[in-house]
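These notes are about the structure you will find just below.
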Amino acid sequence: MHYLSHSHNALLVVDNPLRNEYRRRRRQNLRLSARLAVKDLPDVDDPHFASTSAATLDSEIQSLSPAQLHELQQNLLEDAAQERPLIGVLSPLDELRAEYEGGSTSFVKQIDWLQRERKFKGIRRTRGDGDCFYRSLGFSYIEKLLRAPDVALAVTMSLSTLEATRDLLKAADFDAIVYDDFYGIFVSCVQQIVTPDKDDGHLLTAAILLEAFQDPSVSNSIITYLRLLTSAQLKSDPDNYAPFLFHQDTFEPMSVQEFCQTSVEPLGREADHVQISALSRALNVNVKVAYLDGRGNGEKVDFVELKHVEDGHNGMHDVVLLYRPGHYDILEYRDTDD
């Protein structure tokens with residue numbers, strides 16, 4: 001997830017990052033444990049505490065509510081956000097597994113299940129900056145077009161869908177001057193799959209796509225377009241989405257307009273199921289989300305599937321994301337970039 005790293009790839013840590021973070025916060029008495037006084041807690045770096053408390057700490061982590069687990073992992077996210085690139089190279093899923101070895105057996109079992117039962121081999125990580133869902137979906141969407149069985153068909157259908165999003169944005173009262181540049185950058189990436197770039201004459205490759213998404217100006221422009229599109233989709237069907245719109249902190253019901261202004265359109269605001277549903281519908285792409293949360297006694301990973309088009313009818317494979325509390329990455333059936 002969002003762990004401290006000395007390179008663009010994940011650092012293989014000796015201890016479990018969640019346990020370390022929980023131990024630190026338990027030391028600070030930040031609401032995660034009320035059973036011990038701060039003065040009675042040994043130092044985080046005390047070897048005896050680290051070795052004798054692992055089982056207890058893992059058990060307590062298992063008992064956390066989803067909100068507490070999200071808060072715990074968000075702390076890790078904030079610490080490591082600047083250490084990770086906006087989006088990284090594809091790496092083996094075994095690297096993620098290694099980060100949980102010696103720590104949470106639940107996470108290890110779930111990763112094993114993803115590899116064994118669903119045949120996933122790789123993970124492409126994104127920076128934990130609140131934009132990880134939009135960046136993951138945007139990158140994977142274009143990469144799926146690049147690797148489509150019939151590239152020409154997939155790109156043609158995609159460009160038709162993207163052209164229609166302009167009407168959706170206009171209907172949501174967004175001025176063209178607000179979204180045209182951001183829209184143009186996203187569309188140009190798709191067009192470059194089949195039409196060489198007019199400046200350098202190159203077709204889009206996996207390496208060029210990765211470089212573009214690692215460039216903050218390009219990457220954030222695409223994210224802005226996807227956020228505006230998500231907002232427009234929500235506003236286009238308020239009766240359908242309204243029952244699921246709540247304030248992120250107070251959980252009070254919100255109007256579609258309020259929700260979009262505070263939780264969708266600003267950069268850095270995390271996405272939840274309703275945003276995933278809206279954006280995948282607007283792009284006419286199927287999205288599967290694997291929920292890796294380390295909870296429960298089983299090893300099976302739950303998937304939420306958002307299906308908007310019959311298999312193959314848009315010419316591309318489904319986008320598959322990996323969710324851990326507070327963060328999205330991309331799951332792949334291969335483990336290295338070609």
TODO: Assess whether atom CD of Glu117 is packed by more than 12 heavy atoms of other residues, nucleotides or ligands within 6.0 Å.
DONE: yes
- [ ] Please answer: with hydrophobic residues joined when any side-chain heavy atoms are less than 4.5 Å apart, are Val155 and Met157 in the same cluster?
- [x] no
Open item on the list: I'd like to know whether Asp197 forms a side chain to side chain donor-acceptor pair (under 3.5 Å) with Gln191, so could you lay out the CA-CA distance, the side-chain angles of the two residues, the decisive distance to 0.1 Å, and finally the verdict.
Closed with: CA-CA 9 Å; Asp197 182 78; Gln191 289 174 329; over 6 Å; no
TODO: Could you tell me whether the side chain of His327 and the main chain of Thr126 form a donor-acceptor pair under 3.5 Å?
DONE: yes
Open item on the list: I'd like to know if Arg147 and Glu332 make a salt bridge, using a cut-off of under 4.0 Å between side-chain N and carboxylate O.
Closed with: no
Open item on the list: Would you say that Leu209 contacts Phe139 through its side chain, given a criterion of any heavy-atom pair below 4.5 Å between the two side chains?
Closed with: yes
TODO: Decide if atom NZ of Lys170 counts as having more than 12 heavy atoms of other residues, nucleotides or ligands within a radius under 6.0 Å.
DONE: no
Task: Centroid-centroid under 6.0 Å between Tyr328 and Tyr323 rings - done: yes
Open item on the list: Do Glu299 and Arg116 make a side-chain contact, defined as non-hydrogen atoms from C-beta onward lying under 4.5 Å apart?
Closed with: yes
TODO: Return yes if some donor-acceptor pair links the side-chain N/O of Thr156 with the main-chain N/O of Ala152 below 3.5 Å, else return no.
DONE: yes
TODO: Kindly indicate whether the side chain of Leu93, heavy atoms from C-beta on, has any atom under 4.5 Å from the side chain of Leu96.
DONE: yes
Open item on the list: If I take atom OG1 from residue Thr230 and atom CD1 from residue Ile223, how far apart are they, to the nearest 0.5 angstrom?
Closed with: 11.0 Å
TODO: Please round to the nearest 0.5 Å and tell me the distance separating atom CG of Asp215 and atom CD1 of Ile87.
DONE: 13.0 Å
Open item on the list: With a 6.0 Å cut-off on the ring centroids, do Phe174 and Tyr179 count as close?
Closed with: no
Task: Side-chain heavy atoms of Leu162 within contact of Val190, under 4.5 Å - done: yes
Open item on the list: Between Asp318 and Lys288, does any side-chain N to carboxylate O distance fall below 4.0 Å?
Closed with: yes
Open item on the list: Between Asp337 and Ala206 (side chain of the first, backbone of the second, donor and acceptor by atom type, cut-off under 3.5 Å), is there such a pair?
Closed with: no
Task: Under 3.5 Å: donor-acceptor pair, side chain of Asp175, backbone of Val178 - done: no
- [ ] Please confirm whether the backbone N or O of Ser277 pairs with a side-chain atom of Ser280, one donor and one acceptor, at under 3.5 Å?
- [x] yes
Open item on the list: Is any side-chain heavy atom of Tyr225 closer than 4.5 Å to one of Ile185?
Closed with: no
Open item on the list: Whether Glu265 and Lys235 form a salt bridge (side-chain N of Lys/Arg under 4.0 Å from carboxylate O of Asp/Glu) is what I want to check.
Closed with: yes
- [ ] Give, for atom CG of Asp329 and atom CZ of Arg124, the distance between the pair rounded to the nearest 0.5 Å.
- [x] 10.5 Å
Task: pair Ile276-Leu306: side-chain heavy atoms closer than 4.5 Å - done: yes
Open item on the list: Using a strict threshold of under 4.0 Å (side-chain N to carboxylate O), is an ion pair present between Arg166 and Asp180?
Closed with: yes
Task: Shared hydrophobic cluster for Val304 and Val287 (ILVMFWY, side-chain gaps under 4.5 Å) - done: yes
Task: Derivation of the side chain to side chain donor-acceptor pair (under 3.5 Å) call for Tyr241 and Gln275 - done: CA-CA 10 Å; Tyr241 292 112; Gln275 289 98 322; over 6 Å; no
Open item on the list: Donor-acceptor check, side chain of Glu258 to backbone of Ser255, threshold 3.5 angstrom: yes or no?
Closed with: yes
Open item on the list: I'd like to know if Phe246 and Phe133 are part of one continuous hydrophobic network [Ile/Leu/Val/Met/Phe/Trp/Tyr, side-chain heavy atoms within less than 4.5 Å].
Closed with: no
Open item on the list: If you compare all heavy atoms of Thr161 against all heavy atoms of Ala282, which two are closest, and at what distance to 0.1 Å?
Closed with: CG2-O, 3.6 Å
Open item on the list: Less than 6.0 angstrom from the centroid, inside 45 degrees of the normal: does Arg227 satisfy that with respect to the ring of Phe182?
Closed with: no
Open item on the list: Is there a path of hydrophobic side-chain contacts, each under 4.5 Å between heavy atoms of I/L/V/M/F/W/Y residues, joining Ile123 to Leu86?
Closed with: no
Task: Ser158 versus Tyr141, side-chain donor and acceptor atoms under 3.5 Å - done: yes
Open item on the list: Against Leu322, only a single residue in Ile111, Leu292, Ile330 fulfils side chain to side chain contact (heavy atoms under 4.5 Å, CB included); can you say which?
Closed with: Leu292
Open item on the list: Determine whether a donor-acceptor pair (N or O, by modelled atom type, separation under 3.5 Å) exists between the side chain of Ser219 and the backbone of Pro216.
Closed with: no
Task: Within-4.5 Å side-chain heavy-atom neighbours: Arg97 and Phe107 - done: no
Task: Within-4.5 Å side-chain heavy-atom neighbours: Thr224 and Leu267 - done: yes
Task: Transitive ILVMFWY side-chain link Ile142 to Val309, under 4.5 Å - done: no
- [ ] May I ask you to say whether Arg324 pairs ionically with Asp293, meaning some side-chain N is under 4.0 Å from a carboxylate O?
- [x] no
Task: Contacts of Lys300 that satisfy side-chain hydrogen bond (donor to acceptor under 3.5 Å, both in side chains) - sequence neighbours left out - done: none
Open item on the list: Ignoring hydrogens and geometry beyond distance, is a side-chain donor-acceptor pair present between Thr262 and Arg269 at under 3.5 Å?
Closed with: no
- [ ] Mind telling me whether Phe120 and Tyr333 have parallel, tilted or perpendicular rings, with 30° and 60° as the class edges?
- [x] parallel
TODO: Rounded to the nearest 0.5 Å, what's the gap from CG on Leu283 to CG on Leu229? Could you check?
DONE: 5.5 Å
Open item on the list: Distance check, rounded to the nearest 0.5 Å: Lys121 atom NZ versus Leu114 atom CG?
Closed with: 14.5 Å
Open item on the list: For the CG atom of Leu210 and the CD atom of Glu143, what is their distance to the nearest 0.5 Å?
Closed with: 9.0 Å
